[in-house]
Structures are given as structure tokens and as C-alpha cells.
Amino acid sequence: YDISACLVGSEMCIRDSYITMSYRGLCPSSNSNDYFQYWKMLSLMATTLYSGYHRQHHRDFYVDEPGLESLKSKAQKEQSIIFDYIEKNLTPNPDKMVKLIMDDVVIIGGGIIGTATAYFLSKEGRKVKVIERDPTYKIASFPLSLGGFRRQFFQKENILLGKFAREFIFNLPIHLKTKKNPNPTASMVPNGYLLMFGPDKAEEQYKALENHKECNAGTKNIKGSELKNIFPYINNEGIETATYTDNETEGWIDPFLFHGALKSKAEELGAKFIKGEVKSLSEINAKTIVSAAGCWTKELLDDIPVVPQKHTVFKVKCPKYIKEMPLTGDLTSGVYWRPEGGEYLAGSPISTFDAKDLEPDWSHYEELVWPALAKRVPIFEELKLTGAWAGYYDCNKLDNNAVVGKHPKYENVYMASGFTGRGLMQAPGIGRALTELITTGKYQTIDISVFDVERVLNSTARPEPYVL
């Protein structure tokens, strides 16, 4: 009986003491031998105390009352039995011991969405841990994008998220300055956007313009025949209508600089970024879990139809460089482009699911991209291909719209994914919205409940047609 009681008491004391030591950073390493030595040390303390307790409160188990030295001697003898039992049967598992400590918020994925969410949650005083399996972000979506931010969408929520992105980016030095970097920048180029539509998409765009007006988007709309008055290098053949901005409300930024500024500020506010791979949500022990896994969402949440969609971007050089050209999308062909450092970047409208790698689809250039560019901008007939890269969109195959909110099948799991090429520009708004939902139970600024998880689980599509 006494040995059993000692074991139970030791286990309880070891558990409580270990948690205390872990919080105070007293455990030097996760080496299993180090853990065993701590167990032995704590067990000696616990058994001595526990043996003394039983001798004081259960004297009928003993023939006589020993002195202190005798009590210590007996406790040590019992300890040797316990050491043997622990070594044979209770070798500690560091992984299981760590799970005794519950985190406040764990974000899976340190890309642009996860990092923006970490920033806003940390601002609210939450203790945030971000787990990212590739801190170099070699194949993450955000660094392989064109870095655009816009408010020209069909859905009101996307328009409003685009407006907030511009507000946040323009005030980035205020929001994200740190002691180490008092003047952060994202190298913003506010050249605007120009989207052109053929007769088959004109009616849809006119409806979108009603939403633009309701959201005070500040966009301008013209007939295709008027394009040359404002953009003289454009061939307006086949264009029914066009929408553009010229008031610095749209443009593009450097994705790496933006992500780095967000991460640095989040860290200054207390967020911890660690390298690690999470293969199952069951591995995480936290009050709140946020899945920001992007293209790899299905690895954690197999009921969410978000998958990697490969897109290729080409670098081209032209004898004539128009530095002030906006980021332009020709919705008659799907090709889009913008100026960059004396050259141009042009995106292919052809995407690939289940791609085995990120090797650019070089054939797209000759077959589609160059002919479409040369038709719409005649000076592009003299283009020379200088390079290319490919990246993934985290594509929501249901409707090309984001999936954001609390997952109804879990008590503490939230998610944000499926941005289909809009993650960079929507990151500030999504990070703020998730923080509102987690800390107050509902959205306080932009109501994005239309993007909730239930709509995807119920296959209720709400398409965003203007994907570049």
C-alpha cells in the first residue's frame, strides 16, 4: 500500500513540478535522458515527502515511530524500488509531457495570412505561436505573386477588403514600425488597375459597378471606344467597357517586404514563430487553433475544397517601357500584366491542378500570352522573353472565394484559406476580421460571414468572377 501511494504521489508531484519548471525554462533540453534525470530528482523529493505524510497520518501501518534519520533511510529504500519501477515502466515521453502545457493561440502556417492574423491577435494581447514548416517561404503563394492590391471585384466583401488593404498599406510605417525598423516599407507602386471586358461580360460588370458605388470604391468606368483617350497604347478592339482607378487607391507592393514588416511587428508584440510541420490538428494543444495553411489546407481539414493551383508568370522586355502603366487585366483573354524594373511581368490565364512541381509552363507564352499581349498593346509585338516563374494559388474550387471563420466541427478551430490569388491584398482585412471573431465572437468592422465554412460544407457557391 505504501509503495502504491508513493507512486501516485510522485506522479502528481512530478507532473505539477514539471509544468512549473517548463514555464520557468528550467529544463535544459528535450533529451529523454535529461527528462529521466528530472523525474528521478523530483521523484526522490516527492517520495520522501509522501512517505513522511503517510507516516504522520497513517501511523497504524507501522510498528513504531522512527526518528527523522530512520524515516529518511526507509524513504530512500522505497525510492530505489520506485527508481527501478520508473526505469522499467515509466520512461517519460517528452512529446506527451509537452502536451500538458496548453498554448493560447496556435496558427498553422506563417505565410501572409497567418502572419497578418498573428499581428492583429498579438495587438489584442493574445499569446500567439505560429508554426511554419518552411521559414524560407520558397513555394509559399505570397512571394510568387505580382503583389497587387485592388478593390475592383464583384462581391462587396472583396471590395471592402481591398479598400482596407490600401488604407493599411498607406499607413504601414505607423502600424508596423518597430524598434529595429522604425521606417518599414512595402515599396508601394500606386499605378492603379485597368480591367477590360468584352460584350459577353459587360452586363456582369455593370452589376459589379453598382456594388463599387455602394462601397464607395472610387472606380471609373468608360466605354471601350473611349480607352485610347486615356490609355493611348491600348487597342480597344473587342472591348465593350473598362473600369480603372487613377487616384492611388490600387497598385502593387513588394510581397517579401510586406510580410517581413508584419512578422517583425508581430514578434515585437510577443508572437513566436517556430519551424515545424503539423500533420494533424490533434497534435496541437491550444485554446484557439487557426489553420492558415493555404494550398495545403486539405492536409489538415479534408472537408475544405482548397487545393494548389499552379500559375505561370513571364518576364518580358520591350523596346518601349511605360513606367506609369497600371496593372492591366484583359478579361477577353485572361492575360494580365504590369511594368517592373524596366521590363514587364505577364501572367498566364491557364492554370494547372495537381502539378508535380513549380516549373513554369513555358509553352503558354508562345501559344497564348504573347499573342494576347501583342493584340491588346501593339508595342508588345516586339517583346523578348527574359524569364519566368510559377506559383500556387490556394484555390477554392467551389467558387474562387475565401473560406474564413470557425469550423463547425471543432470547438476551437478557425481557418482562413481559398483566396485564389488574393491572399496578399486581403491579408490585413482577414487578419483583423479573424481577430474580431476570436476575441469578441463576431465581426466588428467588415462583415465577411458570407465566406463562412458552412457554405463550403453545404456546397453553396458564391462566385467571385474577377480572378487574375
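Note that the numbering runs from 1 along the sequence shown for the chain.
- Remark: Glu367 pairs with no residue by the side-chain hydrogen bond (donor to acceptor under 3.5 Å, both in side chains) rule, at least two apart or across chains.
- For an aromatic pair to be called close, the ring centres must be under 6.0 Å apart, and Tyr344 with Phe380 satisfies this.
- Asp399 and Arg455 are joined by a salt bridge, as a carboxylate oxygen and a charged side-chain nitrogen come within less than 4.0 angstrom of each other.
- Side-chain contact, Thr445 with Arg432: a donor N or O sits under 3.5 Å from an acceptor N or O.
- Both tests pass for Lys263 against the ring of Phe273: distance under 6.0 Å to the centre and angle within 45° of the axis.
- The ring-ring contact (aromatic ring centres under 6.0 Å, His included) contacts involving residues 397-418 comprise His407-Tyr410, where partners must be two or more places apart or lie in separate chains.
- The local environment of CG in Asp357 is crowded, with over 12 non-hydrogen atoms from other residues, nucleotides or ligands closer than 6.0 Å.
- In summary, the aromatic rings of Phe142 and Phe258 are positioned with their centroids too far apart to meet the 6.0 Å limit.
- Looking at heavy atoms from C-beta onward, Thr249 lies in side-chain contact with Arg151 at the 4.5 angstrom threshold.
- For residues 423-468, the ring-ring contact (aromatic ring centres under 6.0 Å, His included) pairs, not counting sequence neighbours, are Phe197-Tyr466.
- Using a 3.5 Å distance cut-off with no hydrogens or angles, the side chains of Asp134 and Thr136 do pair a donor with an acceptor.
- Checked against a 6.0 Å centroid threshold, the rings of Tyr393 and Phe419 do not count as neighbours.
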